[in-house]
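Report on the following structure.
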Amino acid sequence: QVQLVESGGGLVQPGGSLRLSCASSGRIFSLIEMGWYRQAPGKQRELVAVITAGGDTNYADSVKGRFTISRDNAKNTMYLQMNSLKPEDTAVYYCNLQEGSGWLLSYWGQGTQVTVSS
């Protein structure tokens, strides 16, 4: 069983920065990708950024140029560096991990609140 634990959320002013961390534990047999999702009140959960097992990254258009996703395999930790934060970035951010070989398994963290407000 894979477990994901997030940290780094909080309150920040517009234009500020935050760095989210997602620590994983448990056995991962065949990693497909890891990613960050977010959900604002009254809205659907949306993809923010993903990083594949091979290290390729993809970002939502709304965060391109401002957010950076990375992973440290030795520490079993994924990061999301968020710069130039805007009020519309306010949401609960979730860590996700997908693995599988012939089938898919998906794991989620508990979520961490990010609030961007003056």
Inset, instruction - Mind telling me whether Trp108 and Tyr94 have parallel, tilted or perpendicular rings, with 30° and 60° as the class edges? - result: perpendicular
Legend entry - Side chain to side chain, Leu47 and Asn58, heavy atoms closer than 4.5 Å: no
Inset, instruction - Decide yes or no for Phe67 and Leu18: does some side-chain heavy atom of the first lie under 4.5 Å from some side-chain heavy atom of the second? - result: no
Legend entry - Criterion side-chain contact (heavy atoms from CB on, under 4.5 Å) on Val114 and Leu20, from CA distance to verdict: CA-CA 9 Å; Val114 172; Leu20 305 183; 4.1 Å; yes
Minimum-distance pair of heavy atoms, taken over all atoms of [X] and [Y]:
X	Y	result
Gln113	Ala91	NE2-O, 3.5 Å
Ser118	Pro14	N-CD, 3.7 Å
Met34	Cys22	CE-SG, 4.5 Å
Leu80	Ala49	CD1-CB, 4.4 Å
Met78	Cys95	CE-SG, 3.5 Å
Ser84	Ser17	N-OG, 4.3 Å

Strictly distance-based, threshold 3.5 Å: is any side-chain N or O of [X] a donor or acceptor partner for the main-chain N or O of [Y]?
X	Y	result
Thr77	Asp72	no
Gln3	Gly26	no
Glu33	Gln98	no
Thr90	Val116	yes
Tyr59	Ile69	yes

When you group the ILVMFWY residues by side-chain heavy-atom contacts below 4.5 Å and let the links chain together, are [Y] and [X] in the same group?
X	Y	result
Trp36	Val12	yes
Ile51	Ile32	no
Val50	Leu104	no
Tyr107	Phe29	no
Val92	Val48	no

Inset, instruction - Could you check Arg38, Glu88, Lys86 and say which one makes a side-chain contact (heavy atoms from CB on, under 4.5 Å) with Ser62? - result: Arg38
Inset, instruction - For Ser106 and Asn96, test the side chains for any donor-to-acceptor distance below 3.5 angstrom and give the result as yes or no. - result: yes
Inset, instruction - Look at atom CD of Gln44 and say whether more than 12 heavy atoms of other residues, nucleotides or ligands are closer to it than 6.0 Å. - result: no
Legend entry - Interatomic distance, Lys64 atom NZ to Thr57 atom OG1 [nearest 0.5 angstrom]: 10.0 Å
Inset, instruction - For side-chain contact (heavy atoms from CB on, under 4.5 Å), just list the numbers for Met82 and Asp89, CA-CA rounded to whole Å, side-chain angles, deciding distance to a tenth of an Å, and then say yes or no. - result: CA-CA 9 Å; Met82 304 184 294; Asp89 295 319; over 6 Å; no
